[in-house]
S.K.: 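Please see the structure below; I have some questions.
Just so we're on the same page: letters track the sequence lines, and every chain starts at 1. Every value quoted in this text rests on a predicted model; they were computed, and no experiment measured them.
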There are 2 protein chains.
Amino acid sequence: MVNRSALSQSKFAHDPTPVYFKLQKILLEQIESGQWEPGARISPERELARMYSVSIGTVKKAVLNLVQQGFLYRIQGKGTFVAGTTLKRESLRYYRLLRNLLDDEAVLKIKFIELTERGGFYPANRQLGLRLKENLYEVKRMFFTGKKPVIYSISYLPQKMFKDLKDLTPSNFERDTLYHTLEKRYNLPTISNQELFGAVPAQEKIAKMLQVPVGTALLQIEMLSFTYRQQPYEYRLSYCITHERKVYAEI
Amino acid sequence: MVNRSALSQSKFAHDPTPVYFKLQKILLEQIESGQWEPGARISPERELARMYSVSIGTVKKAVLNLVQQGFLYRIQGKGTFVAGTTLKRESLRYYRLLRNLLDDEAVLKIKFIELTERGGFYPANRQLGLRLKENLYEVKRMFFTGKKPVIYSISYLPQKMFKDLKDLTPSNFERDTLYHTLEKRYNLPTISNQELFGAVPAQEKIAKMLQVPVGTALLQIEMLSFTYRQQPYEYRLSYCITHERKVYAEI
DNA sequence: GCTCATTTGTTCGTATGTATC
DNA sequence: TGATACATACGAACAAATGAG
């Protein structure tokens, strides 16, 4: 044994990986494994420095990198905390509907339609990295601006990841975004999103839901959400009426 | 005079702004004002430390923040350089067309259609922050996957910002993206993008261009591009056929 | 409202490693 | 090989915010 932390380098067996990076990986491991829940305070820098026999500057660098990446946040005088789906990731949480690029975001109201259990099917299970026979939850919701329906969305979630999802009440789905609900209930923050935008004519069923004529041009959004370790957990199809407001993205 | 650099604090007139932040602002000022062109090497950290009478660690912090924000990049052993539209901003440079979320990006070919001078008009000049009577360039292009037209785009650029744009040849527009062309010719990197996605039925003219029936559901993208200091420089309307491939975004 | 212990933030400086040319 | 420049690591000192008493 060369040293207790195994972070610093042995004199032989030269490992070029920086110490701060190894520490960073160790901390990330703890966060991702759920040992530390969102909002929990982690050890202060001095303590980490002592625990891993590194300098405070090195701890600071590791921690600040994780802050930068959005996994932690720090409050001067209080401590360093595990972040959930927060901060700069705020923007991915929701549909953002604007009349034009200078407009303010419209406030959306959510209406829960139904939650059903169903068998797996091709595009969803493929994107979610599941075997075809694995079962899914299907969550249908409608979004309104004022009294006008604007978005109809169908989410597919792996049953094995969300054991007692069907115990949730409609108001759980209506008072908060799906992101928040899943984060709070399953301790599962959202790390990234992929989206595909397309235009489709409204089919009969969807046209009826959205109260538009069949064939109306609708914006279709195919979305895949990821949590830690690039693990996909939700595949969502949305259909949006974009006559009045359009869907905003910023890069 | 308290000290030559004015970065450190006077004993009186207590300014809580950190020194590294002031230095950061000074450096950003130089970059944004165009005094340092993209690719140019800036002074080494030791020299900056001497010039502004601060420690090397403080210079490092300021510079690394600007690296983080994408304004600079560093190469160990070589120096610190001014970035153009590069690195993590790569993703905003182009339409990304995918069949599905696991597909590879399609390769697009650009066809230049025409560049015309025109008067200002409401939505464009409004978004570009111009007075209504200021003139614009209008650039029409078509994008193909293989031999199929997939995107028709119309860009509006302020004439006063791009003096001799009409001297460019079609091949200038076809061999490179508009981003690259403008960056190289006008030293104008792209810092951010705003986009609005909507679905519209194809009108006669556009349907003809894209070789689809009138009324086909098309994805409409309204885009505004910004350079330094949140200065908008291009307003673009695109119409995309999304039957085969859809437009990808990642958050 | 004040003081104190705790914790993060800023700034300094030094030494050494590593990449480039 | 040597000079230059960035990267890593250490640690000290003080500032500023927080919360408890």
Side-chain angles (χ1 to χ4, degrees), chain A residues 2-3 5-27 36 39-68 71-83 87, chain B residues 2-3 5-27 36 39-68 71-83 87:
Chain A
V2 174
N3 71 65
S5 71
L7 281 190
S8 9
Q9 339 234 322
S10 142
K11 211 185 302 180
F12 319 100
H14 184 49
D15 175 7
T17 313
V19 177
Y20 75 86
F21 192 78
K22 289 188 220 162
L23 176 55
Q24 199 177 313
K25 257 180 47 188
I26 291 173
L27 297 176
W36 295 338
R41 204 192 78 177
I42 73 170
S43 315
E45 25 180 56
R46 277 199 200 83
E47 199 174 329
L48 289 173
R50 200 169 37 71
M51 281 166 57
Y52 294 100
S53 311
V54 296
S55 80
I56 253 189
T58 302
V59 172
K60 210 179 261 289
K61 178 142 188 169
V63 169
L64 286 182
N65 282 343
L66 292 172
V67 168
Q68 181 59 51
F71 293 104
L72 296 172
Y73 61 95
R74 318 190 88 188
I75 301 176
Q76 185 176 157
K78 285 187 78 172
T80 304
F81 304 85
V82 177
L87 305 166
Chain B
V2 175
N3 72 65
S5 70
L7 281 190
S8 8
Q9 339 236 322
S10 143
K11 210 183 303 179
F12 319 98
H14 183 49
D15 174 9
T17 314
V19 178
Y20 75 85
F21 192 78
K22 288 188 222 164
L23 177 54
Q24 198 177 314
K25 257 178 49 187
I26 291 174
L27 297 176
W36 295 338
R41 206 190 77 177
I42 73 170
S43 315
E45 16 177 66
R46 275 200 205 85
E47 199 174 331
L48 289 173
R50 200 169 36 72
M51 281 166 57
Y52 295 99
S53 312
V54 297
S55 81
I56 270 194
T58 301
V59 172
K60 205 178 263 292
K61 179 145 188 166
V63 168
L64 286 181
N65 282 343
L66 293 172
V67 168
Q68 181 60 50
F71 293 104
L72 295 173
Y73 62 96
R74 316 190 90 185
I75 301 176
Q76 186 176 155
K78 286 187 78 172
T80 303
F81 305 85
V82 177
L87 304 166

S.K.: Tell me the interatomic distance from B:F81, atom CZ, to C:dT20, atom P, rounded to whole angstroms.
M.R.: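 Roughly 11 Å, once rounded to whole Å.
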
S.K.: Could you tell me whether B:G57 contacts a base, only the sugar-phosphate backbone, or nothing, with contacts defined as non-hydrogen atoms closer than 4.0 Å?
M.R.: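 No contact.
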
S.K.: Report the nucleotide, chosen from D:dA9, D:dC6, D:dT8, that has the shortest atom-to-atom distance to any side-chain atom of A:K61.
M.R.: D:dT8

S.K.: Please give, in whole Å, the distance from D:dT8 C1' to B:E45 CD?
M.R.: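 The answer, rounded to whole Å, is 11 Å.
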
S.K.: Give the rounded distance in Å between these two atoms: OH of B:Y20 and P of C:dG9.
M.R.: 9 Å

S.K.: Starting the side chain at C-beta, find the nucleotide from C:dC12, C:dT7, D:dA5 nearest to B:S55.
M.R.: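 Nearest to the side chain of B:S55 among the choices is C:dC12.
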
S.K.: Would you say A:T80 places a side-chain N or O within less than 4.0 Å of OP1 or OP2 belonging to C:dT8?
M.R.: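 Checking A:T80 against C:dT8: at least one side-chain N or O falls below 4.0 Å of OP1 or OP2.
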
S.K.: Could you tell me how far apart A:I42 (CD1) and C:dT6 (C1') are, to the nearest whole angstrom?
M.R.: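 Going from CD1 in A:I42 over to C1' in C:dT6 covers 15 Å.
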
S.K.: Check each of B:Q68, B:Q24, B:R74 against B:V63 using the side-chain contact (heavy atoms from CB on, under 4.5 Å) test, and report the only one that passes.
M.R.: B:R74

S.K.: What are the two closest heavy atoms between A:V82 and A:L72, and how far apart are they?
M.R.: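 Looking at all heavy atoms of both residues, the closest pair is CA-CD2, 3.9 Å.
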
S.K.: If the cut-off is 4.0 Å, is A:R74 near the phosphate of C:dG9, judged by side-chain N/O to OP1 or OP2?
M.R.: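 So the side chain of A:R74 is within the cut-off, an N or O lying under 4.0 Å from OP1 or OP2 of C:dG9.
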
S.K.: Check the pair B:Y52, B:I26 against side-chain contact (heavy atoms from CB on, under 4.5 Å), reporting the backbone distance first and the verdict last.
M.R.: CA-CA 10 Å; B:Y52 295 99; B:I26 291 174; 3.6 Å; yes

S.K.: Over how many whole Å does the gap from A:R41 atom CZ to C:dT6 atom P extend?
M.R.: 11 Å

S.K.: Whole angstroms only, please: what is the CZ-P distance between A:R50 and C:dT6?
M.R.: 13 Å

S.K.: Answer yes or no: is there a side-chain heavy-atom contact under 4.5 Å between A:L48 and A:M51?
M.R.: yes

S.K.: Respond yes when some side-chain nitrogen or oxygen of B:T58 is under 4.0 Å from OP1 or OP2 of C:dC12, and no when none is.
M.R.: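 Answer is yes, contact under 4.0 Å.
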
S.K.: What integer distance in Å separates B:R46:CZ from C:dA15:P?
M.R.: 13 Å

S.K.: Where do B:A62 and B:Y20 come nearest, in terms of heavy atoms and distance?
M.R.: CB-O, 3.4 Å

S.K.: Check every atom of D:dA9, C:dT8, D:dT8 against the side chain of A:P44 and return the nucleotide holding the closest atom.
M.R.: C:dT8

S.K.: Taking atom CZ of A:F21 as the centre, report whether more than 12 heavy atoms of other residues, nucleotides or ligands fall under 6.0 Å from it.
M.R.: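 At most 12 heavy atoms, drawn from other residues, nucleotides or ligands, come within 6.0 Å of this atom.
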
S.K.: Do B:L27 and B:F71 have side chains that approach each other closer than 4.5 Å (heavy atoms only, starting at C-beta)?
M.R.: no

S.K.: Scan nucleotides 18-21 of chain D against the protein and return all N/O pairs shorter than 3.5 Å with their distances rounded to 0.1 Å.
M.R.:
{"from": "D:dG19", "atom 1": "OP1", "to": "A:K78", "atom 2": "NZ", "distance (Å)": "3.1"}

S.K.: Could you state the CG-P distance from B:L48 to C:dC12, rounded to the nearest angstrom?
M.R.: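 In whole Å, C:dC12 P lies 13 Å from B:L48 CG.
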
S.K.: DNA chain D: B:E47 or B:K60, which has the more 5' nearest nucleotide?
M.R.: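 Closer to the 5' end of DNA chain D: B:E47.
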
S.K.: Tell me which nucleotide among C:dT10, D:dT8, D:dA9 gets nearest to the side chain of B:P18.
M.R.: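 Selected nucleotide: C:dT10.
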
